[in-house]
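Written below as structure tokens is the structure these notes are about.
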Amino acid sequence: MAETYAIEMNGITKTFPGIVANDHVTLDVRQGEVLALLGENGAGKSTLMSILFGAYSADAGTIRIYGEEVQIKNPNVATELGIGMVHQHFKLVHNYTVTQNIVLGMEPRNKFGLLDLESAEKRVRDLTGRYGLNVDCDAVIDDITVGQQQRVEILKVLYRNANIIIFDEPTAVLTPQEIDELMDIIRLLKNEGKTIVLITHKLKEIKAVADRCTVLRRGKVIGTVDVGKVTEEDLAEMMVGRAVKFELEKTPCKPGKVMLSVKDLEIHDSLGNKKVHDLSFDVREGEILGIAGVDGNGQSELLYGLTGLLPVQGGTITLDGRDITRMTIRERIECGLGHIPEDRQKHGIVQQFTISENGALKDYYKRYAGKMGVLDYHAMTENAASLIKQFDIRAGEGAQTPAGSLSGGNQQKVIVAREISLSPKVLLVAQPTRGLDVGAIEYIRRRLLDERDKGRAILLVSFELDEIMNLCDRIATISKGTLVGTYRAGEVSERDIGMMMAGSRKKEDA
């Protein structure tokens, strides 16, 4: 019998100014399987799936769904064909409730033509129970966590009766616990006969749930393999074209004087809730101090307080001997504070600005200010071109590429490049490799170690325990807004850290 394919994409080509995103790509997905789509940042994965979902139109090529050739001109056509997409950057109306977001565009009506929210809520609650997607249907999107927002996106797709579901980097903003829950949901969907395409950079996730994996590199298909017959190292080499080191070699730490000192810090969130209290630590020249913890235990508020994005209610922050507790954000930057934020689009870049403009955001008024306050765009462009080359940023229009048109991983590279190039005394780093492919992860981790070896003091906040264990010289664990303990690398295991994340203490602090 002929094999049944839910999706057949043949010879798909798509170009943008200065770049071929998809170069005669052929992709087959069997009915009821999980196919992983793997590739570096900018390899063309999201573009290919956006074509399948109708967000883009291909320049050439054909698409068949269950054997029938189709023209998917827009997402409404995709929805009618039973195709749904859970986007990397959620498409939610933040002042609407969960239910309102799920039914938006497909609102049920009663016999009088009036909106029937009661029947909509019943169906949404049935879906949440059936798939274990626990979320408060009456909650406003602004009031729920990122993980819960993703569940809303999945419910939107299921509400529209999708049988083919595309997940675009679904774990990029999730905690380890939320990732495990999502993997269970994908398995459940597969068992129900749904066809899943999983775009991801995370090789562990591919090994956990995927049946086959198709690898793209620079817009072309490198090959498709059975996941059970290859190793993570094999997949990584197919993706980047060379062997990748999963564990970096690092020289012994040589800490110098204290560069960042935090004493008895207390920080409230924007609603006045105490999120950080009685928190103290030091970071020295030439070391990386890692902070591990479950999301929501004060990490974000700590970083906001250190950078000036939130006011400090108590305690002191000292940078290289200077009290910066009440300083403005610009004053802190001028004192030598760098920041790679956890939310790249909210605090890292201006999406409408070019790479050139984003590269100059923090020092435009000093380094690029010409006569009569006119910016030196030539110098800004030269700087951006250097960063693009040095950090391997995939940008079709070079320095003039709008940051918002870059893939998520390349947006992250723009931020990392800018912050490192400013040579800060203290570098605050939050989730630096979130959404990046293994090659980029290896490169950025290596750069952070290089900065440490140059004498930078680095504070790293990450949900990735392997990142904490691999990079950090000392490891602190935060629970309920305060540090549970601080230990030298090698003195604690992942199990120890997990216990401390739950609030337990291991032994005396380092």
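Here the structure is a predicted model, which is why all the values come from computation and not from measurement.
- One finds no salt bridge joining K91 and E153 here, because no Lys/Arg side-chain nitrogen approaches an Asp/Glu carboxylate oxygen to under 4.0 Å.
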Taking only distance into account, with no hydrogens and no angle test, what donor-acceptor pairs under 3.5 Å do side-chain atoms of residues 74-82 form with protein atoms, sequence neighbours excluded?
| unit_1 | atom_1 | unit_2 | atom_2 | d |
| --- | --- | --- | --- | --- |
| N74 | OD1 | N76 | N | 3.0 |
| N74 | OD1 | V77 | N | 3.0 |
| T79 | OG1 | P75 | O | 3.0 |

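- Between Y66 and Y5, the distance from one ring center to the other does not fall under 6.0 angstrom.
- Here the CG-CG distance, from L289 to D473, works out to 9.0 Å after rounding to the nearest 0.5 Å.
- R217 CZ to I222 CD1: the interatomic distance, rounded to the nearest 0.5 Å, is 4.0 Å.
- For the 3.5 Å distance criterion, the side chains of D142 and H94 qualify, holding a donor opposite an acceptor.
- I185 contributes atom CD1, which lies 5.0 Å from atom CD1 of I154 (distance to the nearest 0.5 angstrom).
- Each of R452, R488, R474 was scored for a salt bridge (charged side-chain N to carboxylate O under 4.0 Å, His left out) with E287, with one residue passing: R474.
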### Task
Run the numbers on N358 and V350 for side-chain contact (heavy atoms from CB on, under 4.5 Å), then give the verdict.
CA-CA 7 Å; N358 274 284; V350 180; 4.1 Å; yes

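- Side-chain N or O atoms of Q412 include one that pairs as donor or acceptor with a backbone N or O of P432 at under 3.5 Å.
- Of the possible polar contacts, one joining the T482 side chain to the D278 backbone as a donor-acceptor pair under 3.5 Å is found.
- By the neighbour-count criterion of 12 heavy atoms within 6.0 Å, atom OH of Y159 is densely surrounded, having more than that number from other residues, nucleotides or ligands.
- The CG atom of L449 sits 12.5 Å away from atom CD1 of I444, with the distance rounded to the nearest 0.5 Å.
- The two atoms that bring R212 and T224 nearest to each other are NH1-CG2, 3.6 Å, heavy atoms only.
- When all heavy atoms are compared, the tightest approach of I288 to L471 is CD1-O, 3.7 Å.
- Among all heavy-atom pairs drawn from K480 and N297, the shortest one is N-OD1, 2.6 Å.
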### Query
Going through the distances and angles, do V227 and V34 end up as a side-chain contact (heavy atoms from CB on, under 4.5 Å)?
CA-CA 10 Å; V227 170; V34 179; over 6 Å; no

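- If you check the side chains of E121 and T99, you find no donor sitting under 3.5 Å from an acceptor.
- Nearest heavy atom pair, residue C472 against residue G290, reads SG-CA, 3.3 Å.
- Between K45 atom NZ and I166 atom CD1 the span is 14.0 Å, to the nearest 0.5 Å.
- A side chain to side chain contact (heavy atoms under 4.5 Å, CB included) with V225 holds for exactly one of D234, T214, L235; it is L235.
- Q345 and H347 form no side-chain donor-acceptor contact under 3.5 Å, judged by distance and modelled atom types alone.
- For the pair E467 and R445, the salt-bridge criterion is met [side-chain N within less than 4.0 Å of a carboxylate O].
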### Task
Decide side-chain contact (heavy atoms from CB on, under 4.5 Å) for V283 and I458; before the verdict, give the C-alpha distance in whole Å, the side-chain angles of both, and the deciding distance to 0.1 Å.
CA-CA 7 Å; V283 189; I458 299 175; 5.8 Å; no

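- Taking the charged nitrogens against the carboxylate oxygens, K122 and D126 do have a contact shorter than 4.0 Å, which makes a salt bridge.
- A salt bridge does not link E8 to R64: none of the charged side-chain nitrogens sits closer than 4.0 Å to a carboxylate oxygen.
- The side chain to side chain contact (heavy atoms under 4.5 Å, CB included) with I475 is formed by just one residue from the set I468, L465, T486; it is I468.
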### Message
Run E301 and K275 through salt bridge (charged side-chain N to carboxylate O under 4.0 Å, His left out) and show every step you take.
### Response
CA-CA 7 Å; E301 289 78 14; K275 291 294 186 177; 5.1 Å; no

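- Checking side-chain atoms of D226 against main-chain N and O of G228 turns up no donor-acceptor pair under 3.5 Å.
- A donor-acceptor contact closer than 3.5 angstrom is absent between the side chains of T195 and Q31.
- The pair D343-K346 does not meet the salt-bridge criterion, since no charged nitrogen lies less than 4.0 angstrom from a carboxylate oxygen.
- For the side chain to side chain contact (heavy atoms under 4.5 Å, CB included) with I83, the lone residue among I164, I7, V157 that qualifies is I164.
- Contact record, D453 with R446: OD2-NH2, 4.4 Å, taken as the closest heavy-atom pair.
- For E342, the salt bridge (Lys or Arg N to Asp or Glu O under 4.0 Å) criterion is met by no residue, not counting sequence neighbours.
- At most 12 heavy atoms of other shown residues, nucleotides or ligands fall within 6.0 angstrom of atom CZ in R218.
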### Message
Pair I141, T97 - check side-chain contact (heavy atoms from CB on, under 4.5 Å), show working.
### Response
CA-CA 6 Å; I141 296 298; T97 66; over 6 Å; no

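- The two residues Q431 and F463 make their nearest non-hydrogen contact at OE1-N, 3.1 Å.
- A salt bridge between K194 and E33 is absent, with no side-chain N of the basic residue lying under 4.0 Å from a carboxylate O of the acidic one.
- The pair K190-D211 meets the salt-bridge criterion, since a charged nitrogen lies less than 4.0 angstrom from a carboxylate oxygen.
- Heavy atoms from other residues, nucleotides or ligands lying under 6.0 Å from NZ of K220 number 12 at most.
- Comment: D392 engages R394 in a salt bridge, judged by a side-chain N to carboxylate O separation of less than 4.0 angstrom.
- Using a distance-only test at 3.5 Å, with no hydrogens or angles considered, no donor-acceptor pair links the side chain of K202 to the main chain of E169.
- Side-chain atoms of T47 and N22 form no donor-acceptor pair, as typed in the model, at a separation below 3.5 Å.
- We find the CG-CG distance between L303 and L309 to be 9.5 Å, quoted to the nearest 0.5 Å.
- Without hydrogens or angle criteria, R418 side chain to G348 main chain gives a donor-acceptor distance under 3.5 Å.
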